[in-house]
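Some notes on the structure that comes next.
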Amino acid sequence: MMKLSEFIERISAIAWRMICKIFHREATESGSEGFFQFVKFGIVGLSNTIISYLIYTFGLLGIRRIVSFRYDYLAAQVLAFVISVFWSYIWNSKMVFSLEKGEKRPFWKSLAKTYVSYSFTGLFLSAVLLWLWVNVFSVSEFLAPLINLVITVPANFLINKYWTFKK
């Protein structure tokens, strides 16, 4: 029976060849490996989004049960951000940007870089783009965050690949 990771790798390779065919490019092995890495990054990101939302929701309910204050939703958001970025760091370092045997990565330094990169793409860049889509291009406030993903996910992948988890 095929492992899930092997199945995802095969599907990624097929998708990569199709993308290359559409854009009339050569489907190289290194390109396929990079695309598979991006797909794994997306899977970790999806799990990160789910974890973040669950922590936010339960955090908000918990905070409201213990204390009631005006900015409880912001406290829940900070809690969700801190925990979900740590979750992302752990899984990205294991699944996406794993080390070769004998290589080492300074834990605290790369963890700090992860928080910086997610702060830039998830907070700053997303807010600027959101304002741009809504106020300049009159895009719906509900659609704009989804459009942001087209820019922030690849940006975050590149920052993580070439800075946070750089070998």
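Just so you know, these numbers come straight off a predicted model, no measurement behind them. Heavy atoms only: backbone and side chains are in, while hydrogens, waters and symmetry mates are out. Residue numbers run from 1 in the order of the sequence given.
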Legend entry - Distance-minimising heavy-atom pair for Thr164 and Ser110: CG2-O, 3.5 Å
Inset, instruction - Look up atom NZ in Lys3 and atom CD in Glu9, then write down how far apart they are to the nearest 0.5 Å. - result: 11.5 Å
Inset, instruction - May I ask you to test the Leu79-Tyr56 pair for a side-chain heavy-atom distance under 4.5 Å? - result: no
Legend entry - Flag if over 12 foreign heavy atoms under 6.0 Å of CE, Met95: yes
Inset, instruction - Could you pull out all residues at least two apart from Phe38 that satisfy ring pair (Phe, Tyr, Trp, His ring centres under 6.0 Å)? - result: Phe157
Inset, instruction - Group every Ile, Leu, Val, Met, Phe, Trp and Tyr by side-chain heavy-atom contacts under 4.5 Å, then state whether Ile159 and Phe35 land in the same group. - result: no
Legend entry - Any side-chain donor near an acceptor of the partner, Trp87 and Ser47, under 3.5 Å: yes
Legend entry - Minimal non-hydrogen separation, Thr28 against Trp16, with atom names: O-NE1, 3.4 Å
Legend entry - Atom pair CG/CD1 of Leu61 and Ile66 - distance to nearest 0.5 Å: 11.0 Å
Inset, instruction - Measure the shortest side-chain to side-chain distance between Phe165 and Thr114 over non-hydrogen atoms and say whether it is less than 4.5 angstrom. - result: yes
Legend entry - Spacing of OG belonging to Ser32 relative to CD1 belonging to Ile19, to within rounding of 0.5 Å: 10.0 Å
Legend entry - ILVMFWY network linking Leu143 to Leu130, side-chain heavy atoms under 4.5 angstrom: no
Inset, instruction - Please report the closest heavy-atom contact between Leu99 and Arg105, naming both atoms and the distance. - result: CD2-NH2, 3.3 Å
Legend entry - Linked, directly or transitively: Ile8 and Val153 (ILVMFWY side chains, under 4.5 Å): no
Inset, instruction - Treating Ile, Leu, Val, Met, Phe, Trp and Tyr as nodes and any side-chain heavy-atom pair under 4.5 angstrom as an edge, say whether Tyr53 and Leu146 lie in one connected cluster. - result: no
Legend entry - Flag side-chain contact, heavy atom, 4.5 Å: Phe81 against Ser52: no
Legend entry - Residue Glu26 excluded, over 12 heavy atoms near CD under 6.0 Å: no
Legend entry - For the student: nearest non-hydrogen atoms of Phe36 and Ser12, plus distance: CD1-OG, 3.6 Å
Legend entry - Within residues 41-65 or reaching into it, pairs that qualify as salt bridge (Lys or Arg N to Asp or Glu O under 4.0 Å) - sequence neighbours excluded: Arg64-Asp72
Inset, instruction - Would you give the length of the straight line joining atom NZ of Lys166 to atom NZ of Lys113, rounded to the nearest 0.5 angstrom? - result: 7.5 Å
Inset, instruction - Kindly write out the residues that satisfy ring pair (Phe, Tyr, Trp, His ring centres under 6.0 Å) with Phe120, not counting sequence neighbours, or none if the list is empty. - result: Phe124
Legend entry - Distance-minimising heavy-atom pair for Ile63 and Ala76: CD1-N, 3.8 Å
Inset, instruction - Would you give the length of the straight line joining atom OG1 of Thr152 to atom CG of Leu125, rounded to the nearest 0.5 angstrom? - result: 6.5 Å
Inset, instruction - Could you go through the side chain to side chain donor-acceptor pair (under 3.5 Å) check for Ser88 and Asn92 one step at a time? - result: CA-CA 6 Å; Ser88 180; Asn92 276 323; 3.1 Å; yes
Inset, instruction - Determine the minimum heavy-atom distance between Phe97 and Gln37, stating which atoms define it. - result: CD2-NE2, 3.3 Å
Inset, instruction - Please round to the nearest 0.5 Å and tell me the distance separating atom CG of Leu54 and atom CD1 of Ile50. - result: 7.5 Å
Inset, instruction - Would you check if Glu103 and Glu100 make a side-chain contact, meaning some heavy-atom pair closer than 4.5 Å? - result: yes
Legend entry - Minimum side-chain heavy-atom gap Trp131-Val136 below 4.5 Å: yes
Legend entry - Residue pair Tyr118 / Asn48, side-chain heavy-atom distance below 4.5 Å: yes
Inset, instruction - Group every Ile, Leu, Val, Met, Phe, Trp and Tyr by side-chain heavy-atom contacts under 4.5 Å, then state whether Tyr162 and Ile151 land in the same group. - result: yes
Inset, instruction - Look at the side chain of Asn160 and the backbone N and O of Asn156, then say whether any donor-acceptor pair between them is shorter than 3.5 Å. - result: yes
